[in-house]
Amino acid sequence: MNPLPLDKALELYSLLKDYLPDKVDSIIELSDIIMNSIVEKEGFDNYVKSLSLMSGIPEKILAMRDKNERVSLFMEGLLVNEVMELKVFCESLGM
Amino acid sequence: MANTSSVTVILNGKEHVVERAPLRAWLELEDIRDNIKKAVEIGNRDDVACHIYSYISTALHIEEDFSSISWIEVSSVFNAIFSLNLPTLDFPLLRSRIKPGQISWDYEGRSWYVWLHLLASAYGWSSEYIAEMDIDDAIALSQEILVEEHLDKEWQWALSERSIKWNKQGKGTFQPLDRPDWMQPVRDIKIPVFKLPQSILPVGNIIRWTDDDEPLAS
């Protein structure tokens, strides 16, 4: 998995914006916080869309994959795309 | 006052040395930054990305296909160029809180001609000279021109009958001419010191620290 280009990264931010914490200590904690927030706010669509965006795998194929595999891909995507840095950058733009 | 600093950035594996932009190039970058702000305001993500690409291409004088470059690299280059081109002094002129409204005689790229007109009419310099000015010098001089113009207007206003407001008793009061917000007096905000009532202080032991950093309960 490679980091997204800017236009796709901005789309990723718009999908995950509502679930991102202000600060985290590790990628596992970040993933936990985002997943819990997605469940709490019923944002499963955004989860699948963001996962598809980061992995390049179509949503339909992702739906057929094992749940743990999806979580693992999601964590990798967050890590590769430095999502907390993306949040800082987008906020600096006023998004 | 001229700032000749530069930064080295790496984009798509290529190293670029970016010099701090002189006035005309800086205004072009600022116009693109305005477009970024507008795109953010209307929530058009594609335009935000396009204008950021345009900002980098303009500053580096390159034509690049950004679709294969990671956002991490793009944002890093954008931030480096943006920081390089910030004015080094805190000019009140740039702190104006009032956003200029849309005016009928405005057009794309007008800002350069506004600055050129202001500086050329005050000092008689050529457009080539003004285009290559350091932004700190240009902003500082423009602010002085605008201050002088406004103080002249205030003087003319004070001499006119319209500056006096008459009440029913026929007594006149001087009404000063309004100043732009960046010329308003600086307010010195003082936070009053007062003793907190004991009832709102936290309960429990107070931990004090000795000189050797050992906490002691009292």
Side-chain angles (χ1 to χ4, degrees), chain A residues 1-24 26-27 30-31 34 38 41 43 45-59 73-95, chain B residues 7 9-14 16 29-60 62-86 94-97 99:
Chain A
M1 203 182 288
N2 292 318
L4 294 167
L6 184 65
D7 53 339
K8 302 281 181 206
L10 297 181
E11 188 182 345
L12 176 69
Y13 175 69
S14 76
L15 290 168
L16 297 180
K17 185 182 174 182
D18 294 339
Y19 316 111
L20 295 174
D22 290 329
K23 202 183 161 191
V24 280
S26 68
I27 189 68
L30 173 64
S31 176
I34 295 176
I38 283 172
K41 294 174 184 169
D45 269 5
N46 287 349
Y47 170 65
V48 177
K49 279 179 188 164
S50 60
L51 187 50
S52 172
L53 192 65
M54 290 189 286
S55 64
I57 301 169
E59 289 177 37
L73 270 175
F74 189 68
M75 277 174 67
E76 190 189 340
L78 297 180
L79 189 66
V80 165
N81 283 291
E82 300 185 19
V83 171
M84 291 307 286
E85 290 300 316
L86 177 63
K87 176 182 155 83
V88 172
F89 178 65
C90 289
E91 284 177 350
S92 75
L93 294 174
M95 295 179 84
Chain B
V7 287
V9 293
I10 296 170
L11 188 72
N12 213 10
K14 285 178 219 152
H16 301 267
L29 292 177
E30 285 299 292
D31 283 347
I32 300 172
R33 223 160 59 82
D34 279 347
N35 290 337
I36 296 172
K37 279 185 207 164
K38 282 176 199 160
V40 167
E41 276 168 18
I42 59 169
N44 188 334
R45 288 190 310 266
D46 287 344
D47 274 4
V48 173
C50 272
H51 292 310
I52 289 176
Y53 297 153
S54 163
Y55 187 92
I56 295 171
S57 301
T58 305
L60 301 183
I62 54 161
E63 291 288 327
E64 192 77 49
D65 174 20
F66 287 88
S67 61
S68 60
I69 307 174
S70 85
W71 81 266
I72 300 162
E73 208 174 326
V74 169
S75 68
S76 160
V77 172
F78 174 77
N79 285 334
I81 299 170
F82 173 66
S83 303
L84 176 70
N85 288 301
L86 283 174
L94 301 182
R95 276 191 260 129
S96 181
R97 289 182 298 275
K99 285 185 181 177

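Here is the naming used below: chain letters follow the sequence lines, and residue numbers restart at 1 for every chain. Atom set for the values below is all heavy atoms of this structure, side chains included, hydrogens, waters and symmetry mates excluded.
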Heavy-atom distance under 4.5 Å to chain A: side chain of B/Ile36, backbone, both or neither?
side chain

Structural part of A/Val80 lying under 4.5 Å from a heavy atom of chain B:
backbone

On a heavy-atom basis, the closest approach of B/Ile72 and A/Pro3 is CD1-CB, 3.9 Å

Could you pull out every donor-acceptor pair under 3.5 Å between chain B and chain A?
{"unit_1": "B/Arg45", "atom_1": "NH1", "unit_2": "A/Ser14", "atom_2": "OG", "d": "3.2"}
{"unit_1": "B/Trp71", "atom_1": "N", "unit_2": "A/Leu4", "atom_2": "O", "d": "2.7"}
{"unit_1": "B/Trp71", "atom_1": "NE1", "unit_2": "A/Asn81", "atom_2": "O", "d": "3.1"}

